[in-house]
Amino acid sequence: MAEHKRPTNQEEVDANFAQLHPLMNTSEAYYESSRCLYCYDAPCVQACPSDIDIPLFIRQINNQNLKGSAKTIYESNYFGNVCGKVCPTEVLCEGACVHNHQSVKPIEIGRLQSYATTKAIKKDSKLFTPAKSNGKKVAVIGAGPAGISCACELRLHGYEVDIFEAKDQPSGLSLYGCAPYKITNQEILEEMAYLQKQFDFNIKYDSPIRTAEQLKRLESQYDAIFLGIGLGDTSSIRLKGEDMENCVGATEFIEQVKLDPLSVKVGKKVIVIGGGNTAMDAASECARLGAEQVILAYRRDKEAMRAYDFEYDLAKNVGVQGWFNLQPLEFLGTDTIEGVRFIRTMIENGNAKGIPDSEFNESCDLLILATGQNKQVDFLQKISDMKWDKKGRIEIDPESRQTSNPKYFAGGDAANGGAEVVNASAEGKAAAKGIHTFLN
Amino acid sequence: MPDLSINFAGIKAPNPFWLASAPPTNTGYQIMKAFDAGWGGAVWKTLGVPVVNVSSRYAAVNHKGHRMVGFNNIELITDRPLADNLREIEEVKKYFPDHAVIASLMVETRDEWHQIVKDAENAGADGLELNFGCPHGMCERGMGSAVGQEPNVLRTIVEWVMEVATKPVIVKLTPNITDVTLPAIAAKEGGANAISLINTIQSVIGVNLDSLVPYPVVDGASTNGGYCGPAVKPIALNMVKNCAQIPDYNLPISGIGGIENWRDAAEHILLGASSVQICTAVMHYGFGIIRDLKSGLEGYMEEKGFETINDMVGKALPQTKTWENLNLKYKVVASIDEDKCIGCQLCYTACDDGAHQAIGLVGDGDSRKPYIIDENCVGCNLCSLVCPVEECITMERRDDGKEHITWKERSDNDDVPTTFNDDRAGGKGHWVPQPTDALKKK
């Protein structure tokens, strides 16, 4: 039997998706913060894409200056709680903690960060005040981490900011894409509400910007436009049957789990194709939704997976099986997918090649494709003078984050090709500074 | 197997670990429990004039995840009826005839002193400790530290006690005085058989930042209390040492102050104590700590070849000198073990901001490991003290050990700097950075 039973009510969902990094209590935060060495020129800060002064905020927790601690965090990163909970801290700040070098457990920086920020959110501590209006307006497309961070920073400089969001809730993939055992929807939305209350930007929900006409209108109404449009749907792997009902993209699958977990049917046996962090999340979520067997099929060997080791470990710990060197050849079944025909692979000159006569069929009830997300090139084509690289990433000046069309700035997945919340948040903030410089 | 038993000024005990006169010795129940756990002696919570205690009474300093590194109290002497205490002393002695039970006493008049000495002795106390140390409450009534701070008064009261005492008398001294040797000498002049120190240090432990009331709070107000716990050990050790080094003093010293483990106890003994008294550590962890106190001290004595406690009493005193007798030619320089260094750079910032700018950063590449600038290092130890890795920064001797000259010897030879520009002054010629260099760093 699977480790997790299929959840039949919200309580069971919550149990199966118990938080990996639960909120610290006061004692825990006190003792943990006491362990910080307060390094000079601390490596954890150097490892943080948003440059949070980590030793300082930890010292402030320890000295019971919680408001100061939250301010230290938010001044560098508006997604303080989200990042505390979903950041791959193992490869960022906590991975850089000097304690690792003497086999002492690194400081739990992520959880301390969430402790300080959650306290501020719960108390509704006012940390920021928008500057007096400077008479200029900026449109932000996409209310994800990049867009919202950009908006917060712009408000500090007195810009009026309108965010156009295609969906009906803020925070982008934080809400729709982060695994539920990393952060709850409620926590995300509380932080978003907290930010909106302080920075007072406008978000227009259910307002997708898709057409050249819409863009023209924005260009005439706003002094600058920030593109925080993220990525598109799951990429096709060009095999017949992809459109069948029980074949879903990982991003879409995870979104459904986030929004309505009880409606998700995983069946008894799931195959997840892919080797990135999204594949790990999707596989792990299937197991937590009660699938008896979850196979993670990747076309190269384990070491080549893009997923972080700890993400694979998380999946393994709930019973996911990693099957390596397997390439899907064909999806079996006529009305619904009944299985996958795989061929075993070997690596030749860096490419995964099928080994002749090694084909086999593996049945499944649900097939999840975690094969990357499409770039928004179709949309970008509608903006004059816009440039993107071969991988579909918007070309930008790395410092100002200005695109080849000077009115547009960009950050987040659309510009970096797909990275962490913390990267998007840092880039949105940097773009706001770029916009401010550009408009002054 | 080393022998832990002691004979302290005629008071015998199976080991040198005594409970100090304090809340853990408030009742016969506690002392019986302590003796049963292995404690060698107990100084009963002070018997004396009637008092009324307040609520609350204790407060603590917590530091970086450690509770009660410092502790203070505003509790007075025992508020239990004298008769009950005396009856319980008798009962404890009946069950534990070989353990030391010492009655701590505090009264005012000569007659009261005579009476209470007789009462305590009649109850079976093996010795008497005169509480001239309590720094709160009782001193406002002219007792406790008010006596300890006036050597003449102290001497007189000791004389009163000695007029009737037949058991050894220990005088407990207050640290709230400029020179603790003055009351120590007065105690001896009055005829006391031993001294014990230190009592608690007068303190305000902190202030509640919301209510603006210091701790511990008594209905919206507070008062100064007596400070103790691990944080006070260095003060206690210094005062024990000062008394032990009084020329021809020869009175046994019971060391008190900041003793939490066997190492602390060993330090007190090496600086001149021949019994030790413990309170805060018991209030924190209970009587069970006696197991490690005994086994740790035994192990240490075995390793060092001390057969009895007496063998080790004062053995650190010859090495404890006045500053003017230290060798000015001794030279150590810090050394960083690169294999152990974890790159926290605390040594760098400590030295650069807090000492002598003798540690550099590589600055290029990925190495976070600092290096010592030998010629700037004065051998102050700071880097090795802040380093969080055991044995990573060590101090290496650089002089050849052949030269030895002290300030005193130089003074005697008329070879000391006499003006600010004297070339013989220590810091002259030492490299220091330009003040504006500070602004060039990030």
Side-chain angles (χ1 to χ4, degrees), chain A residues 24-48 51 53-69 76 91-109 111-112 115-116 119 123 125, chain B residues 60-69 206-211 215 230 336-355 357-372 382-393 438 440-442:
Chain A
M24 282 181 168
N25 62 40
T26 304
S27 300
E28 212 177 352
Y30 173 64
Y31 286 114
E32 188 62 9
S33 60
S34 294
R35 297 201 301 124
C36 176
L37 296 173
Y38 201 67
C39 293
Y40 175 79
D41 191 18
C44 52
V45 182
Q46 294 173 16
C48 175
D51 290 329
D53 192 336
I54 295 164
L56 176 62
F57 91 68
I58 292 178
R59 193 175 179 83
Q60 288 170 318
I61 291 175
N62 197 251
N63 294 337
Q64 289 135 63
N65 177 6
L66 282 182
K67 191 172 176 183
S69 179
S76 290
V91 297
L92 296 174
C93 52
E94 292 175 21
C97 178
V98 297
H99 274 314
N100 290 301
H101 300 307
Q102 57 173 343
S103 303
V104 171
K105 199 166 79 72
I107 307 295
E108 289 194 68
I109 298 168
R111 289 183 70 207
L112 286 168
Y115 172 78
K119 288 274 178 194
K123 281 184 85 173
S125 301
Chain B
V61 173
N62 303 327
H63 185 73
K64 289 268 177 188
H66 291 275
R67 295 272 164 183
M68 278 175 49
V69 297
V207 178
N208 182 310
L209 295 180
D210 290 323
S211 62
Y215 300 106
I336 300 173
D337 183 335
E338 280 201 24
D339 293 336
K340 289 184 177 152
C341 176
I342 59 172
C344 68
Q345 300 185 348
L346 283 173
C347 58
Y348 164 75
T349 198
C351 187
D352 210 62
D353 294 2
Q357 301 82 45
I359 298 183
L361 297 177
V362 179
D364 55 352
D366 291 334
S367 176
R368 287 186 49 86
K369 300 185 178 180
Y371 62 92
I372 305 291
L382 179 62
C383 55
S384 69
L385 300 176
V386 300
C387 180
V389 183
E390 288 297 320
E391 300 287 309
C392 174
I393 301 184
K440 292 173 191 159
K441 303 214 168 176
K442 63 168 180 176

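Per chain, numbering begins at 1; letters A, B, ... match sequence-line order.
- Within 6.0 Å of CD in Gln102(A) there are more than 12 heavy atoms belonging to other residues, nucleotides or ligands.
- Expressed to the nearest 0.5 Å, how far CG of Asp339(B) lies from NE2 of His101(A) amounts to 13.0 Å.
- The distance from the OG atom of Ser34(A) to the NE2 atom of His63(B) is 8.0 Å, given to the nearest 0.5 Å.
- Side-chain atoms of Tyr30(A) come within 3.5 Å of backbone N or O of Gly65(B) as a donor-acceptor pair.
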Worksheet item: Do Tyr40(A) and Asp352(B) pass the side chain to side chain contact (heavy atoms under 4.5 Å, CB included) test, and can you show the C-alpha distance, the side-chain angles, and the key distance before you say yes or no?
Response: CA-CA 11 Å; Tyr40(A) 175 79; Asp352(B) 210 62; over 6 Å; no
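- Counting heavy atoms of neighbouring residues, nucleotides and ligands inside a 6.0 Å radius, atom NZ of Lys123(A) does not exceed 12 of them.
- Interface summary for chain A: among Lys340(B), Arg368(B), Gln345(B), the most heavy-atom pairs under 4.5 angstrom belong to Arg368(B).
- Atom CG in Asp41(A) sits 11.5 Å away from atom SG in Cys344(B) (nearest 0.5 Å).
- Taking every heavy atom of both residues into account, Leu346(B) and Tyr38(A) meet most closely at CD2-O, 3.2 Å.
- The greatest number of non-hydrogen atom pairs below 4.5 Å with chain A, out of Cys392(B), Gly343(B), Pro388(B), is found for Pro388(B).
- In terms of heavy-atom pairs under 4.5 angstrom with chain B, the leader among Pro43(A), Ala42(A), Cys36(A) is Pro43(A).
- Rounded to the nearest 0.5 angstrom, Leu37(A) CG and Ile342(B) CD1 are separated by 5.5 Å.
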